Amino acid sequence: MTSIAETKKEIVCRLLRVGIEQWEAEAEAKLILGKVLDQRPALLMLNAFKTVSAEDTATIQEILTKREARVPVQYCLGQTWFMGLKILVREGVFIPRGDTETLVEVTIKLLKKLAMRQASLAEIGTGSGAVSIALLKSMPDLRLIACDISATAIAVAQENARLHGVHDRLTTLVGDWRQVMPKELDGIISNPPYIPREYAETLQPEVRQEPEAALFGTDTDGLGFFREIAQASATHLRDGKGVIAVEVGDTQAVEVGAIFLRNDCAAVDLHCDVNGLPRVVSALRQ
């Protein structure tokens, strides 16, 4: 039997040995302990000298064995946190990142500014459903259609929608968005794959375990999906009018904005994430 504090120290040490940075190891130790012990981080500190049961210790060891093999901690735990919401994830499903919260925040501001609180939106490449669910939780009159080529991702998105009580306002579609996404929409949102394929070997081992279809963009510059979304928006938005918001990779914002301008979009804006980097491009069709 060891204390919570001692167990945390062991977790951090083991993660450091496999090349995980100190700050990340500390954060992951709290996530692992919080999940296994079903406690919030503040309670972990208050209960630091309480012992961890043999059963919980065994569970922690199982998680650590996977994590030492550089399986993403989110897959090890079966969950992550996004916009303050617990989001279930599993292998084969793209893991939502904190950066993507900017996409949600920008979309909410746009819809409120344009008096589109009852809009019908479609999300291309929903993955776990994190973005759609966060939007639905924030805007009770909103309805969303979530598309993904992965049946596994759609199953997880449905599970998350039920978990957060928004399943009655979320329609999920499996398949290529170009074929399954309906028309007569008020808006399109997406965090599409945008990493150029040539950068594959530079990615962290954890990232390379996520589905390739959710990571790598088309065309040599990785911007192919943005070109397709910009072109398709003319036919999928109601009367060719509506709002578009997409997440982009580092250094891609200006070129993605230009793509939308070349496709007859107006009011193109770049929005920064919490680190001050341009992370979201929004546009209007009028």
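These figures come from a predicted structure and were not determined experimentally.
Considering only heavy atoms from C-beta on, Leu135 comes within 4.5 Å of Ile108 through its side chain. Taking the side chain as every heavy atom from C-beta outward, Phe49 and Ile4 never approach each other to under 4.5 Å. Val104 places none of its side-chain heavy atoms less than 4.5 Å from the side chain of Thr107. Side-chain atoms of Arg90 and Val156, non-hydrogen and from C-beta on, do get closer than 4.5 Å to each other. Between Val254 and Leu270, the closest side-chain pair of non-hydrogen atoms falls below 4.5 Å. Between Asp273 and Val280, the closest side-chain pair of non-hydrogen atoms is not below 4.5 Å. Taking the side chain as every heavy atom from C-beta outward, Asp269 and Val281 never approach each other to under 4.5 Å. You'll find the side chain of Val256 stays beyond 4.5 Å of the side chain of Phe225, heavy atoms only.
The two atoms that bring Ala146 and Leu170 nearest to each other are CB-CD1, 3.8 Å, heavy atoms only. Scanning all heavy atoms of the two residues, the minimum distance from Pro196 to Gln252 falls at CD-NE2, 4.4 Å. Closest heavy-atom contact between Asp186 and Met116: O-CE, 3.4 Å. Shown here for Val12 and Ala29, the closest heavy-atom pair between the two residues is CG2-CB, 3.8 Å. In terms of heavy-atom proximity, Pro182 sits nearest to Ile145 at CG-CD1, 3.4 Å. Here the closest non-hydrogen pair linking Val52 and Ile60 is CG1-CD1, 4.3 Å.
Although no hydrogens or angles enter the test, the distance criterion places a donor-acceptor pair under 3.5 Å between the side chain of Asn160 and the main chain of Ser128. Distance alone, capped at 3.5 Å, places no donor-acceptor pair between the Ser132 side chain and the Gly129 backbone. Judged purely by atom type and a 3.5 angstrom limit, Asn263 uses its side chain to pair as donor or acceptor with the backbone of Ile259. The main-chain N or O of Leu144 is never found under 3.5 Å from a side-chain atom of Arg169 such that the two would form a donor-acceptor pair.
By the rule that hydrophobic residues join a cluster once side-chain heavy atoms approach within less than 4.5 Å of another member, Met45 and Ile11 end up as members of separate clusters. Cluster membership for Phe94 and Ile124, using ILVMFWY side-chain heavy atoms within less than 4.5 angstrom, is shared. Transitive grouping of hydrophobic side chains (ILVMFWY, heavy atoms separated by less than 4.5 Å) brings Leu64 and Leu44 into a common cluster. At a threshold of 4.5 Å between side-chain heavy atoms, the hydrophobic network of Ile, Leu, Val, Met, Phe, Trp and Tyr places Leu103 and Leu223 in two separate groups. In terms of hydrophobic clustering, with Ile, Leu, Val, Met, Phe, Trp and Tyr side chains grouped at heavy-atom distances under 4.5 Å, Trp81 and Ile133 are assigned to different clusters.
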Are Phe82 and Val131 close enough, and set up right, to give a side-chain contact (heavy atoms from CB on, under 4.5 Å), and what steps lead you there? CA-CA 8 Å; Phe82 183 82; Val131 169; 4.2 Å; yes
Check the pair Asp221 / Arg227 against salt bridge (Lys or Arg N to Asp or Glu O under 4.0 Å), numbers first and verdict last. CA-CA 11 Å; Asp221 58 3; Arg227 295 185 177 99; 2.7 Å; yes
Please assess Lys137 against Leu85 for the test side-chain contact (heavy atoms from CB on, under 4.5 Å), listing each intermediate value before the final yes or no. CA-CA 9 Å; Lys137 291 289 286 184; Leu85 303 172; 4.1 Å; yes
Take Tyr194 and Glu247 through the test side-chain hydrogen bond (donor to acceptor under 3.5 Å, both in side chains) and record every step on the way to the result. CA-CA 9 Å; Tyr194 50 67; Glu247 178 177 324; 2.9 Å; yes
Mind running salt bridge (Lys or Arg N to Asp or Glu O under 4.0 Å) on Arg279 and Asp250 for me, showing each step along the way? CA-CA 7 Å; Arg279 185 60 59 190; Asp250 295 345; 2.6 Å; yes
Could you go through the side-chain contact (heavy atoms from CB on, under 4.5 Å) check for Val243 and Leu111 one step at a time? CA-CA 8 Å; Val243 63; Leu111 294 178; 4.1 Å; yes
For Ile32 and Leu77, run side-chain contact (heavy atoms from CB on, under 4.5 Å): C-alpha distance rounded to whole Å, both residues' side-chain angles, the deciding distance at 0.1 Å, then the answer. CA-CA 7 Å; Ile32 293 168; Leu77 301 178; 4.1 Å; yes
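No salt bridge links Arg285 with Asp264; every basic N to acidic carboxylate O contact stays at or beyond 4.0 Å. A salt bridge links Arg178 with Asp176: at least one charged nitrogen is closer than 4.0 Å to a carboxylate oxygen. At a threshold of 4.0 Å, the pair Lys8-Glu26 counts as salt-bridged, since one of the basic side-chain nitrogens sits closer than that to a carboxylate oxygen. Salt bridge Arg262/Glu255: present, at least one basic N to carboxylate O contact under 4.0 Å. Looking at Glu212 and Arg197, a side-chain N of the basic residue comes within less than 4.0 Å of a carboxylate O on the acidic one, giving a salt bridge. Under 4.0 Å is where a charged nitrogen must lie from a carboxylate oxygen, and between Arg14 and Glu10 at least one such pair does. A salt bridge is absent between Lys35 and Glu28; no separation between the charged side-chain nitrogens and carboxylate oxygens falls under 4.0 Å. Ionic pairing of Arg97 and Glu210 is present here: one or more N-O contacts between side-chain nitrogen and carboxylate oxygen are shorter than 4.0 angstrom.
Taking OG from Ser233 and CD1 from Ile244, the interatomic distance works out to 3.5 Å, rounded to the nearest 0.5 Å. The structure places CD of Gln286 at 12.0 Å from CG of Leu237, a figure rounded to the nearest 0.5 Å. Of the inter-residue distances, the one linking Leu114 atom CG with Lys241 atom NZ reads 13.0 Å to the nearest 0.5 angstrom. Atom CZ of Arg238 and atom OG of Ser120 lie 6.5 Å apart (nearest 0.5 Å). Atom SG of Cys147 and atom CD of Gln179 lie 11.0 Å apart (nearest 0.5 Å). Taking CZ of Arg17 as the reference point, atom CD of Glu68 lies at 7.5 Å (rounded to 0.5 Å).
For the residue pair Thr126 / Glu123, a side-chain donor-acceptor distance below 3.5 Å is found, with atom types taken as modelled. Using modelled atom types, one finds a donor on one side chain and an acceptor on the other under 3.5 Å when comparing His271 with Ser282. No hydrogens or angles considered: a donor-acceptor pair under 3.5 Å links the side chains of Thr7 and Thr2.
Tested against Gln74 for a side-chain contact (heavy atoms from CB on, under 4.5 Å), the candidates Leu88, Val93, Ile95 yield a single pass: Ile95.
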